[in-house]
Amino acid sequence: LATGPRQNNGIFYEIRTYDIKPAKMREFLELANKHFHLRTAHSELVGFWHTDLGALNKVLHIWKYDNFAHRTAVRHALANDKDWQGKFISVVLPMMEKQHNEVAYLVPWCQLGKPPKEGGVYEWVTFQMKPGGPALWGEAFRAAINAHINTGYTRLIGVFHTEYGLLNTVHVLWWNESPDHRAAGRHSAHEDARVVAAVRDSVRFLESQQNVLLIPMQCSPLK
């Protein structure tokens, strides 16, 4: 089924998730913080996080590409970058249990945002929606997102819907000052009639939902 309207350019985001062996997680994070400048020399990194709640021993990073030809050129350059392959890839591959990637677009009404300051935490919320894409559920979903924004307790960074990977998936990236600030805000939101009404309308299109708390890494542009 068609995904519906999207941004009027070729820009897309690759979302990569790696499962790291538990005994190797600390070593992986140290190597990434030390050598990831070799990777970002080739293309734009939006953010790089490791999970803290909702999933363990995972890292998630988001890359921005102008179009698919751009990604192909970057992947070719990386394969031929001896420093990147030798200092990072060859070392960390044995630390990984599996890799997963998705291609996603920002929904048409969302621009990629930034947090008001460094030092907070991020929440990665994955919604599995009913087939039909933003053309079906877009307006109701947008109303639910705006209802949460209007409470003021959280900051929206981006809303992505998949083009490759599991379709009809929407990822929402939020920023909060702290886990406790997020918990207090959520409690208040659940008692806000406007939020309750908007969420009740949007869940008509929802199949499942998963929330993960993310901690930004030192090498992440979004901190």
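Side-chain atoms are counted along with the backbone in the values below, which use heavy atoms only and exclude waters and symmetry mates.
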Ring-face cation of R204 near W137 (centre distance under 6.0 Å, axis angle within 45°): no
How about NE2 on H76, more than 12 heavy atoms from neighbouring residues, nucleotides or ligands closer than 6.0 Å, or not? no
Step through the shown structure and confirm whether more than 12 heavy atoms of other residues, nucleotides or ligands are within 6.0 Å of CZ on R194. no
Atom CE of M96 and atom CG of D19: how far apart are they, to the nearest 0.5 Å? 10.0 Å
Kindly compute the distance separating CG (L78) from CG (N80), expressed to the nearest 0.5 Å. 9.0 Å
Heavy-atom distance under 4.5 Å between the side chains of Y13 and V103, does that happen here? no
Heavy-atom pair of closest approach, residues A189 and V195: O-CB, 3.4 Å
I'd like to know if the side chain of T17 and the backbone of Q99 have a donor-acceptor N/O pair within less than 3.5 Å. no
Cluster overlap L93 with M25, hydrophobic side-chain contacts below 4.5 Å: yes
CD-NZ distance between E27 and K21, expressed to the nearest 0.5 angstrom: 11.0 Å
Could you work out, with side-chain contact (heavy atoms from CB on, under 4.5 Å) as the rule, every residue matching V91, not counting sequence neighbours? L31, M95
State, to 0.1 Å, how close V46 and L222 come at their nearest heavy-atom pair, and which atoms those are. O-CG, 3.3 Å
N67 versus Y65: any side-chain heavy-atom pair under 4.5 Å? no
Does any non-hydrogen side-chain atom of L60 lie less than 4.5 Å from one of R16? no
Is the ring pair F141/W109 parallel, tilted or perpendicular, if the boundaries are 30 and 60 degrees? tilted
Looking only at atom types and distance, does a side-chain atom of S202 sit under 3.5 Å from a main-chain N or O of A140, one as donor and one as acceptor? no
Which atom pair, heavy atoms only, marks the closest approach of S220 to K223? O-NZ, 2.6 Å
Determine yes or no for a side-chain-to-main-chain donor-acceptor pair under 3.5 angstrom, with T169 supplying the side chain and G165 the backbone. no
Distance from W175 atom CH2 to K117 atom NZ, nearest 0.5 Å? 5.0 Å
If you draw a 6.0 Å radius around OH in Y164, do more than 12 non-hydrogen atoms from other residues or ligands fall strictly inside? no
Test E44 against W63 for side chain to side chain contact (heavy atoms under 4.5 Å, CB included), laying out the working first. CA-CA 6 Å; E44 182 180 347; W63 299 90; 6.0 Å; no
Same hydrophobic cluster for V107 and V203, using side-chain heavy-atom links shorter than 4.5 Å among ILVMFWY? yes
Side-chain contact, heavy-atom cut-off 4.5 Å: E14 with R71? yes
Taking the side chain as every heavy atom from C-beta outward, state whether M217 and L29 have any pair of such atoms under 4.5 Å apart. yes
Is there a ring pair (Phe, Tyr, Trp, His ring centres under 6.0 Å) between H100 and Y18? Walk through the geometry before answering. CA-CA 6 Å; H100 176 71; Y18 299 162; over 10 Å; no
In Å and rounded to the nearest 0.5 Å, what is the CG to NE2 distance from N176 to H181? 7.0 Å
Answer yes or no: is there a side-chain heavy-atom contact under 4.5 Å between I145 and W174? yes
Determine, step by step, whether F36 and W84 satisfy the ring pair (Phe, Tyr, Trp, His ring centres under 6.0 Å) criterion, reporting the C-alpha distance in whole Å, the side-chain angles of both residues, the deciding distance to 0.1 Å, and the verdict. CA-CA 8 Å; F36 226 61; W84 172 244; 5.7 Å; yes
Does one hydrophobic cluster hold both V172 and L206, with members joined at side-chain heavy-atom distances below 4.5 Å? yes
Minimum heavy-atom separation for G120 and P216, please, with both atom names. O-CD, 3.9 Å
Test your reading of the model: is there a side-chain donor-acceptor pair from D81 to the backbone of A77, 3.5 Å cut-off? no
Are D52 and L214 packed together at the side-chain level, in the sense that at least one heavy-atom pair is separated by less than 4.5 angstrom? no
Answer yes if W49 and L56 sit in the same cluster of Ile, Leu, Val, Met, Phe, Trp and Tyr residues linked by side chain heavy atoms under 4.5 Å apart, and no otherwise. no
Between A104 and F160 the two heavy atoms that sit nearest each other are CB-CB, 3.8 Å
Exceeds 12 heavy-atom contacts within 6.0 angstrom, atom CD of Q85: yes
Would you check if M129 and E207 make a side-chain contact, meaning some heavy-atom pair closer than 4.5 Å? no
Just checking, is any N or O donor in the side chain of Q128 or N168 under 3.5 Å from an acceptor N or O on the other one? no
With rounding to the nearest 0.5 angstrom, report the CG to CD1 distance, L112 to I157. 7.5 Å
List in chain and number order the residues that pass salt bridge (Lys or Arg N to Asp or Glu O under 4.0 Å) with D66, two or more places apart in sequence or in another chain; answer none if no residue qualifies. none
R26/E30 ion pair, N-O < 4.0 Å: yes
Partner of T126 by side-chain hydrogen bond (donor to acceptor under 3.5 Å, both in side chains), out of Q209, Q210, H171: H171
Would you please classify the geometry between the F68 ring and the F12 ring as parallel, tilted or perpendicular, with 30° and 60° separating the classes? parallel
To check you understand the geometry: which heavy-atom pair defines the closest contact between A143 and A198, and what is its length? O-CB, 3.8 Å
Do the ring planes of H148 and Y153 sit parallel (below 30°), tilted (30 to 60°) or perpendicular (above 60°)? perpendicular
Hydrophobic cluster of L53, others only, ordered by chain and residue number, side-chain cut-off 4.5 Å: V121, L213, I215
